Amino acid sequence: MLIVAEKRSVAQAIAKYLATSYSYFKISGVMAYRFKYKDRQAVSLGLSGHILDFDFPQELNKWNALEPVELFDKITVLVPRDETIKYLYALRALARDEDEVYLALDADSEGEAIAYEVVLQVRAVNPRARFKRVRFNAVTKKDIVQAFERPVELDLKVVEKVFARMVSDLTIGAAFTRLLTLAVREVDNKALPFGKFLSYGPCQTPVLGLVVSRELERLNFKPEEYYVVKGIVETEAGSFEARSRPFKAREEAEAAVRAARVSLGKVIEARFEETRVKPPAPLDTVELERRASKWLNIRAKAALDTAEELYRRGYISYPRTETTIYPPTLDLRAVLEELTNTQFGQYAERLLRGPISPTRGNSDDRAHPPIYPTRGATKAEVERALGTRAWKLYEFVVRHFLATLSPPAIVERQRIAVAFGPLVLEAEGRRIIERGYWEIYPYEEEEDRRLPRVQAGVWARMVSAKIEKKKTEPPPRMSESELLRLMKKYGIGTDATMQDHIHTNVIRGYMRIVGGRCVPTKLGMTLASSLMNHARPIIDPTVRSKMEAALQDIAVGRADVKKVLETIRGEFKTFYKGLYEKRQEIARELVKVLREETRNGPRSDV
DNA sequence: GCAAGGTC
């Protein structure tokens with residue numbers, strides 16, 4: 001029997017869990033595992049994701065051979081992927097003599113589609129082959145043994161959905177990319193350097209739209225002046241600085257201060273409330289990326305790449321996960337034990353002495369656990385193996401893991417308001433009672449800035465008061481962390497691809513990331529603005545989730561794949577026509593920016 | 001040469 005998994009680690013786990021011993025061998029450069037299962041010879045092979053891809057027939061890939069709009073009515077074909085061709089060869093070679101093939105791909109939609117790709121490839125070399133689908137929700141012995149006891153059928157509806165998404169994305173992406181690129185060339189065929197094109201994609205472009213919308217908000221922002229009164233307030237319990245609400249005009253502020261000077265001061269509010277600051281939930285991919293971008297100055301793309309390396313070397317668990325609940329099968333104590341021989345050893349030992357109660361998020365992808373350290377390592381070791389950035393990220397994963405097992409921080413939130421006649425001055429402070437998880441998780445630690453413990457009703461004196469002139473500030477540039485949050489909210493991309501969509505915009509020259517913030521280039525601003533003006537729905541942040549919802553109907557049998565594809569194609573064809581009408585106007589704008597770029601290099605707008 | 005989704 002032949003068993004096909006989505007990745008090498010799972011193929012190996014299957015061999016380990018189904019047999020008492022196994023051996024490994026290489027076939028066309030790919031690792032495979034041999035073992036005995038129920039008295040039969042078994043081989044398990046791990047792929048590297050998809051092995052086939054959709055493309056247009058060759059003659060349609062000459063961009064000048066047809067109007068891009070015609071792509072909406074063309075068929076696409078499944079072709080082997082060059083990058084993973086060795087996996088395909090290995091599969092064919094092993095499948096020739098195996099009549100039973102177990103499809104042990106991940107238990108998600110993509111896994112179902114990859115399973116079908118495997119079926120197609122195996123059938124091509126072995127028409128006798130029979131197929132069984134095994135689905136396991138976690139790569140543990142229990143789940144895997146159970147899955148092989150109870151094989152199921154391949155869900156072709158889910159396969160249809162994934163293939164429909166692949167076809168839609170290719171068609172839409174190709175049509176709009178070619179339209180934009182060819183329109184620019186028509187106006188000035190030297191505006192784009194050789195090999196460069198202007199891309200559109202149903203994920204990358206709405207992402208650009210989010211960043212550009214923020215930039216436009218900034219550019220259109222009209223700052224307003226306002227005035228605040230800052231005063232030093234003295235009470236019998238001590239003195240502190242407090243400030244007023246904003247005044248629109250200086251005269252108002254001055255009048256309030258004049259009135260305050262001749263008024264008796266009185267504390268009208270004094271709140272001292274003990275609150276608990278809970279440690280973070282177990283770590284998923286998007287939070288890893290957001291926190292790396294915010295606190296470690298590591299871009300999301302670099303964070304996932306680095307996490308991947310750490311995973312491959314055995315330092316951390318699989319980094320592509322949406323799960324924020326530790327599975328019961330994960331031995332948290334054993335992980336702590338593993339960390340005892342590192343610089344976090346004392347802290348880990350302290351946690352080991354008490355009961356273990358981890359925090360809990362609210363999502364479970366039923367495929368992978370949250371990200372946690374799988375090996376205790378020293379700084380020197382990780383740095384030697386993978387560099388400084390890897391250490392920074394590994395250290396973060398360890399600290400995050402320890403934080404999820406730690407007690408909350410306890411903070412007293414303080415608020416005091418004092419009235420001097422009509423002028424009210426307010427102050428906020430905090431007193432740290434217990435640092436809790438902050439001890440191991442300094443990224444979130446708050447400073448102790450306590451106010452004197454006064455009581456409501458006591459008298460107060462204004463020692464000094466000054467009026468400060470201020471200006472309202474535009475919103476800051478979109479941070480990468482915020483962008484990831486919005487992408488998740490709008491359902492743009494998956495946990496494993498979100499950082500790619502940001503990165504594509506960087507590669508295409510539409511934006512840069514500076515100090516964790518997204519700065520659109522002039523090209524990005526111009527492209528996004530044109531689409532907002534002439535094809536609004538295709539850059540709208542909700543375009544992706546609407547498409548996904550339509551596709552999901554195929555998977556659950558509510559809709560026919562042909563009809564859904566027809567609808568999607570039809571809608572985008574309409575948007576295409578609207579954009580096509582304006583293509584020269586848009587292209588002229590883009591050419592202007594592109595010419596500037598060739599002279600000066602890519603520029604940011606501000 | 002176009003996309004997004006797996007995976008390394």
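Everything quoted here is computed from the prediction, not taken from an experiment. Side-chain atoms are counted along with the backbone in the values below, which use heavy atoms only and exclude waters and symmetry mates. Below, read A as the first sequence line, B as the second, and so on, with proteins coming before strands; counting in each chain starts at 1.
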Side-chain donor/acceptor of [X] to base of [N], under 3.5 Å:
X	N	result
A/Asp169	B/dC2	no
A/Asp305	B/dC8	no
A/Arg178	B/dC2	yes

What integer distance in Å separates [X]:[atom1] from [N]:[atom2]?
X	N	atom1	atom2	value
A/Phe54	B/dG6	CZ	P	16 Å
A/Glu70	B/dC2	CD	C1'	16 Å
A/Met166	B/dA4	CE	P	13 Å
A/Ile51	B/dT7	CD1	C1'	13 Å
A/Glu309	B/dT7	CD	P	16 Å
A/His503	B/dA3	NE2	C1'	15 Å
A/Gln58	B/dG1	CD	C1'	14 Å
A/Glu83	B/dA4	CD	P	16 Å

Within the structure, does a side-chain N or O atom of [X] lie under 4.0 Å from either OP1 or OP2 of [N]?
X	N	answer
A/Tyr87	B/dG6	no
A/Thr494	B/dG6	yes
A/Ser199	B/dA3	yes

Among [options], the nucleotide that comes nearest once only the side chain of [X] is considered:
X	options	result
A/Phe56	B/dG6, B/dC8, B/dC2	B/dC2
A/Arg320	B/dA4, B/dT7, B/dC2	B/dT7
A/Asn61	B/dG1, B/dC2, B/dA4	B/dC2
A/His501	B/dG6, B/dA3, B/dA4	B/dA4
A/Ala174	B/dT7, B/dC2, B/dA4	B/dC2
A/Arg508	B/dT7, B/dC2, B/dG1	B/dC2
A/Leu170	B/dC8, B/dG1, B/dA3	B/dA3

Residue whose closest nucleotide on DNA chain B lies nearer the 5' end, A/Arg8 versus A/Leu60 | A/Leu60
Ranking A/Glu548 and A/Ala175 by the position along DNA chain B of their nearest nucleotide, the one closer to 5' is A/Ala175
Using centres under 5.5 Å plus planes under 30 degrees as the test, is A/Tyr200 stacked with B/dA3?
-> no
What contact category does [X] fall into here, base, sugar-phosphate, or nothing, at under 4.0 angstrom with non-hydrogen atoms?
X	result
A/Gln204	sugar-phosphate
A/Thr84	base
A/Arg185	base
A/Asn64	nothing
A/Tyr318	sugar-phosphate
A/Pro202	sugar-phosphate
A/Gly493	sugar-phosphate
A/Asp106	sugar-phosphate

Between [X] and [Y], does any side-chain N to carboxylate O distance fall below 4.0 Å?
X	Y	value
A/Lys161	A/Glu112	no
A/Arg384	A/Glu381	no
A/Asp155	A/Arg133	no

Between A/Tyr490 and A/Arg544, is there a cation-pi geometry (under 6.0 Å to ring centre, at most 45° from the normal)?
-> no
State, yes or no, whether a side-chain contact exists between A/His534 and A/Arg583 at a heavy-atom distance under 4.5 Å.
-> no
Determine yes or no for a side-chain-to-main-chain donor-acceptor pair under 3.5 angstrom, with A/Ser363 supplying the side chain and A/Glu322 the backbone.
-> yes
Which heavy-atom pair separates A/Val158 from A/Ser109 by the least distance, and what is that distance?
-> CG1-CA, 3.6 Å
